[in-house]
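Within every chain, numbering begins at 1; the chains are lettered A, B, ... in the order of the sequence lines, protein sequences first and strands thereafter.
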Amino acid sequence: MMILILLTISLSLAIGFLITFLYTTSKGQFDDLDTPPVRILFDDENHKKN
Amino acid sequence: MSKPCLHCKTDIPDGIQSDFCCSGCKTVYELLRSQHLDDGYYALQDATCPVGTKPSKNWTFLDSDSAKSELIQPIGDHFQMTFYIEGIHCAACIWVLEQLQKFNSDVLYSQLDLGAHTLKVGLKTHTFSAIAALVESLGYTPFPLAPGTDVTALNKKTYRRAVLRLGVSGFVFGNIMLLYVAIYAGLSGSLLMQFHWISLLLILPAITFSAWPFYKSAFGALRNKLLNIDFPVSLAILLGFILSVIHLIKGINELYFDSIAGFIFLLSAARFLADKWTQKAHFQAKITDTFLPQYIQKKADHLFEYKPISQLLPDDIIQIDAQEKVPTDCQVIEGQSQINQAFLTGESKAVDVKSGDKLLGGSINESEPLIAKVLTPPKESYLATLLNTPPKTIPYKKDKLSAVFVLGLLLSISGLFLIEGFSETTLSKSLAMIIVACPCAIALAVPLGITFAKTQCHKRGILIQNEESFFRIPKIETIFWDKTGTLTKGELTVDHITWEKEHPKLLEDIATLESHSQHPIAFAIQRYTHPKSAQKSNVQNIVHLPGLGIEGSVNNRHLKCIKSQNTDTDFTMMDVFLNNERVAQFYFSDTLKPESLTVTQQLKAHQQIVSGDNPGPVEIIAKTLQLDWKANVLPHEKQLIVENTANAMMIGDGLNDSTALQTASVGIAIQGSLESSLKAADIILSQGNLMDIPFLFQLCNRLKNIIRLTIGISLAYNLVGLILALFGFISPLAAAILMPVSSLTVLIIAAIGIGKFKT
């Protein structure tokens with residue numbers, strides 16, 4: 001029985017993530033897969049070069 | 001010794017005492033420096049970053065009321081506008097364009113999408129003209145986009161759905177695997193069947209939603225009486241599912257939900273990646289969009305207003321400002337200006353245009369505003385038809401090959417059933433066979449290879465009008481060269497002049513007369529006498545003698561300049577008659593392009609010069625290049641020579657080459673070619689660099705080898721896999737994992753082999 005409870009928890013978690021994924025996709029989070037991987041490489045705004 | 005420009009890193013022309021190649025670069029450099037963005041920018045910059053241009057456009061229309069309603073979106077307390085940005089591609093571009101607020105404190109945010117080439121700007125006020133001017137002064141060309149009309153808006157829905165399909169199949173695969181780990185570990189009892197039932201529920205969205213494109217494509221092909229690779233894919237998915245459900249109901253612990261989920265996920269992932277790369281390559285290759293402006297001033301009710309060019313129709317009246325690109329083929333009805341057609345012909349010299357002249361879409365108006373009448377809708381302009389010729393169905397074996405494969409597969413499965421009879425092991429075996437045998441790699445290899453090759457060509461300014469050329473070039477045995485303008489610069493230069501009688505100021509008068517002619521000889525004389533005389537005065541009674549020369553009276557002296565019929569010399573000659581008495585002879589020669597010798601030596605095919613020129617000059621060139629030659633060849637003779645040679649390539653530029661270009665197995669037109677040659681050619685070298693020809697040969701050979709290699713790999717893989725599956729050595733799960741791996745191998749080989757190809 002314990003297993004079934006754990007299973008329910010894990011599945012609801014998974015479905016929760018699936019719903020988040022559906023929502024973010026519809027909001028356009030995955031529209032641009034080219035820019036963010038480059039953007040993350042930039043130095044921080046206030047970071048001063050030595 | 002030239003040094004690189006501080007901004008764009010190109011060499012500064014000799015004689016310019018500056019750290020920059022042009023004032024535009026200097027402006028950008030100083031602008032970046034003023035905000036201390038220069039260190040970051042130049043650290044990220046790659047060699048082809050935009051060269052600074054003079055901000056010249058008048059952006060005030062962005063502040064107008066019509067722009068406010070059409071282009072600007074009010075969002076809460078601020079305004080947002082999207083620009084399509086020409087010339088972005090690297091990290092430095094993102095770096096600088098996302099820090100616009102450093103230049104203008106009204107900017108709330110600026111966000112760049114590298115893939116779609118769009119920049120979203122949020123502003124406290126609605127004076128976007130300042131933003132456009134700022135972006136322009138940084139060296140980029142912004143085009144305002146109305147909300148919802150940007151290039152990617154149409155694809156967005158399809159794209160998001162593909163992301164969803166992939167995500168859902170990943171979700172299903174991951175969660176089913178989690179359950180199946182327990183099953184593989186030896187779960188038993190009532191929990192086992194409960195786990196299977198949960199798996200059944202989980203797999204439903206993958207079977208229905210994620211795998212939908214496979215069914216659709218297979219069904220579509222079947223309706224056209226074709227078998228494509230999606231047929232066995234769909235068969236495997238559905239067959240496996242039904243088999244598993246039957247087992248589940250019967251209570252047999254032999255289910256394939258995990259294999260099916262993995263199959264759908266990996267295949268969707270491979271397809272998604274392939275689609276993305278193809279689209280990316282296609283986007284880079286489809287340069288029409290970046291060649292043409294998005295907005296142009298169109299006349300409506302006596303006023304010119306900026307409208308999207310897609311709305312242009314024939315007979316619309318438009319205004320093309322200085323430095324704007326001509327949106328489509330049109331005819332000048334008012335104004336005079338210079339037009340640069342370098343994008344098409346490679347000729348950097350601007351052409352004078354006046355009322356009545358035709359303009360080709362994509363050329364740049366250099367100096368004065370022009371009012372013009374639209375002749376063709378932008379989608380039908382010459383450049384658009386040139387670049388957007390619908391990709392011809394590739395007459396390659398791939399479709400036949402996969403159809404044969406599918407057929408063979410079906411036959412061997414029926415054979416298996418005949419021999420072993422219908423049982424669950426047979427079903428399981430055939431399932432593994434179907435999964436492993438998918439010749440997806442074959443279907444991916446050819447189009448992907450072509451797309452990568454095309455992108456490579458476009459980067460070098462080689463326009464491919466006929467994709468079949470890629471497969472014909474490796475077969476070329478004979479290359480025919482046109483001489484003038486192809487092997488040579490096509491510019492006559494005055495070699496020397498012999499005067500038979502001295503007359504004061506005669507040279508100046510000849511130059512004055514020739515300034516009325518458009519013949520290459522006339523240009524040579526212009527260049528020769530250039531500093532001395534420029535006046536166009538006192539010329540009367542001009543008569544153009546087509547193909548021969550020009551005559552007229554200059555300062556009351558009757559002059560006649562005609563091409564000499566003397567063929568005893570190696571020079572092109574012109575006789576000058578003063579009052580019908582020969583007074584001088586001009587000797588002209590044409591010089592070889594600097595790369596001609598290297599190129600002709602690099603090419604292995606048999607080469608011959610066919611020229612309409614006199615034997616003398618042709619022989620000189622042929623001797624220098626050590627090639628066979630034929631002189632005095634008329635256009636139809638050229639065509640005949642090419643026609644009677646198997647696997648011939650014709651390289652030329654002139655009107656007299658166009659029929660030969662069309663007849664040849666592969667016709668290549670060069671910089672400065674006339675329109676008829678451009679249309680006739682399979683390939684256009686828009687940079688006029690002959691080095692592109694050996695490059696094409698190398699690229700096409702590489703393409704041929706890569707396609708052979710990938711087809712070989714996938715065939716070998718499929719055959720081995722098929723045999724192993726036939727004897728039951730491969731389980732459906734192993735097959736489901738191995739098969740997309742083979743597709744990925746093909747993808748990677750094509751991407752590295754052709755996409756990264758360098759000479």
Side-chain angles (χ1 to χ4, degrees), chain A, chain B residues 36 39-41 43-44 88-99 101-102 111-120 152-153 155-157 159-168 170-172 174-176 178-179 182 187 189-191 194-195 198 201-202 205 209 272-273 276 280 283:
Chain A
M1 211 54 216
M2 194 62 194
I3 289 181
L4 280 185
I5 294 170
L6 284 175
L7 206 62
T8 322
I9 294 173
S10 88
L11 275 180
S12 9
L13 260 177
I15 289 167
F17 279 119
L18 181 69
I19 291 166
T20 322
F21 170 73
L22 296 180
Y23 174 76
T24 49
T25 308
S26 71
K27 285 288 166 192
Q29 177 159 348
F30 305 105
D31 286 355
D32 180 8
L33 297 176
D34 298 306
T35 327
V38 181
R39 198 180 283 143
I40 199 168
L41 299 174
F42 296 154
D43 288 338
D44 285 342
E45 191 104 333
N46 299 322
H47 181 83
K48 288 263 153 64
K49 272 193 180 175
N50 297 323
Chain B
H36 307 291
D39 283 346
Y41 182 85
L44 294 164
I88 49 164
H89 62 286
C90 71
C93 304
I94 306 175
W95 162 263
V96 68
L97 284 173
E98 297 204 331
Q99 304 204 44
Q101 68 265 36
K102 293 219 170 150
Q111 198 184 4
L112 193 73
D113 184 330
L114 202 59
H117 287 224
T118 52
L119 179 74
K120 254 187 225 159
T152 48
N155 302 327
K156 209 167 250 173
K157 228 176 124 187
Y159 174 77
R160 280 185 185 170
R161 186 155 295 161
V163 173
L164 281 182
R165 288 205 160 106
L166 178 60
V168 167
F171 160 81
V172 169
N175 284 286
I176 287 186
L178 219 59
L179 296 176
L187 186 74
S190 64
L191 267 181
Q194 279 163 1
F195 271 37
I198 295 171
L201 287 180
L202 275 171
F209 177 65
F272 180 79
L273 216 63
K276 198 167 134 47
K280 220 173 174 179
F283 192 82

Point-to-point distance, once rounded to the nearest 0.5 Å, from CG of A:L7 to CD of B:Q194: 9.0 Å
How far does CZ of A:F30 sit from CG of B:L164, to the nearest 0.5 angstrom? 9.0 Å
Counting neighbours of CD1 on A:I15 that are heavy atoms of other residues, nucleotides or ligands and sit closer than 6.0 Å, is the number greater than 12? yes
Please give me the minimum heavy-atom distance between A:I3 and B:F195, naming the atom from each residue. CG2-CZ, 4.2 Å
I need the A:F17 CZ to B:N175 CG distance, nearest 0.5 Å. 11.0 Å
How long is the straight-line distance from CG of A:L11 back to CG of B:L178, given to the nearest 0.5 Å? 8.5 Å
Roughly how far, to the nearest 0.5 Å, is the CZ atom of B:R160 from the CG atom of A:L22? 12.5 Å
